[in-house]
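Heads up: the structure comes next, in structure tokens.
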Amino acid sequence: MEDNIALIGFMGVGKSAVGRAIAQLCDMRHVDLDNEVERRSGREVREIIATDGEAAFREREHEALEALRGASGLVISCGGGIVLRDDNVRTLRELATVVFLTARIEDLLGRIEGDGGRPLLEGASDPHERAKEMLQERMPRYIGAAHYTVDTTGRDPDQVARLILNMMGVSP
Ligand code: S3P
């Protein structure tokens with residue numbers, strides 16, 4: 001396994017903020033996979049999903065992940081759906097120590113609602129219900145993909161980052 005850390009988990013759990021915190025503490029480079037998709041395609045994730053559909057986005061997401069092979073010293077914040085493909089899960093586990101961030105469903109729903117920009121939930125007649133279903137479907141995949149699981153409840157991104165490093169036996 002390369003010397004990278006990958007953060008997975010549902011939308012709104014704080015993968016980007018925790019990724020930035022780990023990178024800062026350990027002098028690693030932070031890569032946000034959604035941003036990578038946007039950089040490589042010159043288009044916003046929201047627009048790719050709205051115009052080309054989810055499957056086209058998943059292909060771009062997969063390519064952005066594959067493009068990280070060979071890199072080291074990265075903290076990779078993944079989009080919430082990265083685990084939907086088995087080949088992505090295999091790649092993640094080859095490239096990185098994979099950390100699943102969890103939170104209470106109410107907290108996730110509150111954050112998802114608060115910051116908008118979640119294209120997969122925008123078309124749903126009941127976004128809360130849809131988010132719960134998606135979380136239930138994905139839970140076994142997150143658990144199966146992860147080397148470590150960390151509960152973010154009541155912790156700020158810096159505290160979560162330190163907890164992860166501690167679990168991994170890394171001193172910042
Ligand atoms: C998605 C999560 C989003 C983004 C896309 C699809 C998902 O990333 O990749 O909208 O399927 O859960 P965040 O988890 O960073 O919001």
Side-chain angles (χ1 to χ4, degrees), residues 4-23 29-68 74-89 91-92 95-96 98-146 148-153 156-157 160-161 164:
N4 301 299
I5 299 172
L7 303 178
I8 61 170
F10 205 64
M11 292 175 263
V13 80
K15 290 161 292 184
S16 298
V18 172
R20 283 193 294 272
I22 295 175
R29 186 160 78 87
H30 180 232
V31 174
D32 188 299
L33 211 57
D34 278 350
N35 291 348
E36 276 302 290
V37 169
E38 296 188 338
R39 190 184 61 77
R40 290 163 55 91
S41 63
R43 297 165 70 200
E44 287 186 12
V45 167
R46 154 196 295 282
E47 198 243 311
I48 298 172
I49 294 177
T51 311
D52 303 349
E54 182 180 345
F57 166 68
R58 295 294 170 211
E59 198 50 38
R60 289 177 183 271
E61 182 179 50
H62 171 75
E63 288 164 7
L65 176 63
E66 286 298 324
L68 299 180
L74 300 183
V75 187
I76 309 161
S77 298
C78 301
I82 195 78
V83 295
L84 293 173
R85 281 176 63 151
D86 291 340
D87 53 357
N88 286 348
V89 171
T91 302
L92 278 174
L95 285 182
V98 183
V99 182
F100 171 33
L101 301 183
T102 66
R104 287 188 301 239
I105 181 88
E106 313 85 69
D107 294 343
L108 293 174
L109 294 175
R111 279 187 230 151
I112 292 169
E113 203 162 72
D115 66 1
R118 310 292 181 178
L120 289 186
L121 296 173
E122 273 167 13
S125 54
D126 184 343
H128 274 205
E129 221 20 69
R130 181 70 197 119
K132 279 188 198 164
E133 280 168 17
M134 285 167 74
L135 184 57
Q136 257 167 23
E137 282 163 23
R138 290 177 181 186
M139 193 55 97
R141 292 188 159 269
Y142 288 134
I143 291 169
Y148 298 98
T149 297
V150 173
D151 185 1
T152 63
T153 307
D156 67 28
V160 176
I164 290 170

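In this text, all values refer to a predicted model and were calculated from it rather than measured experimentally. Ligands are counted one by one from 1 in listed order, and the atoms in each one are counted from 1 as well. What you see below is based on every heavy atom in this structure, not just the backbone, and it leaves out hydrogens, waters and symmetry mates.
When each atom of ligand 1 is checked for a heavy atom of Arg138 under 4.0 Å away, the hits are 7 (C), 11 (O), 12 (O). Atoms of ligand 1 lying under 4.0 Å from any heavy atom of Asp34, numbered from 1 in the order shown and given with element: 3 (C), 4 (C), 8 (O), 9 (O), 13 (P), 15 (O). For ligand 1 and Gly79, the ligand atoms under 4.0 Å from any heavy atom of the residue are 8 (O), 9 (O), 14 (O). Shown in contact with Leu120 at under 4.0 Å from a heavy atom are these atoms of ligand 1, numbered in order with element: 6 (C), 7 (C), 11 (O). Listed by atom number, the atoms of ligand 1 under 4.0 Å from Arg58 heavy atoms are 6 (C), 7 (C), 11 (O). Listed by number with element, the atoms of ligand 1 under 4.0 Å from a non-hydrogen atom of Arg118 are 13 (P), 16 (O).
Within the set Ala131, Cys78, Gly80, the minimum heavy-atom distance to atom 2 (C) of ligand 1 is found for Gly80.
Between Arg60 and Glu63 there is no salt bridge, since no side-chain N of the basic residue sits under 4.0 Å from a carboxylate O of the acidic one.
Screening Glu36, Arg20, His30 for a side-chain hydrogen bond (donor to acceptor under 3.5 Å, both in side chains) with Ser77, the sole residue that qualifies is His30. Applying side-chain contact (heavy atoms from CB on, under 4.5 Å) to Leu84 and the options Glu137, Glu54, Glu61 leaves one that passes, Glu54.
Put simply, CD1 on Ile105 and CG on Leu135 are 4.5 Å apart, with the number rounded to the nearest 0.5 Å. Separation of atoms CD (Glu106) and NE2 (His128) is listed at 10.5 Å; rounding is to 0.5 Å. For the atom pair Arg111 CZ and Arg118 CZ, the distance stands at 10.0 Å (nearest 0.5 Å).
Using cut-offs of 30° and 60° on the angle between ring planes, the pair Tyr142 and Phe10 is perpendicular.
Only side-chain heavy atoms of Lys15 come within less than 4.0 Å of ligand 1; its backbone N, CA, C and O stay farther off. Contacts between Pro119 and ligand 1 below 4.0 angstrom, taking non-hydrogen atoms only, involve the side chain exclusively.
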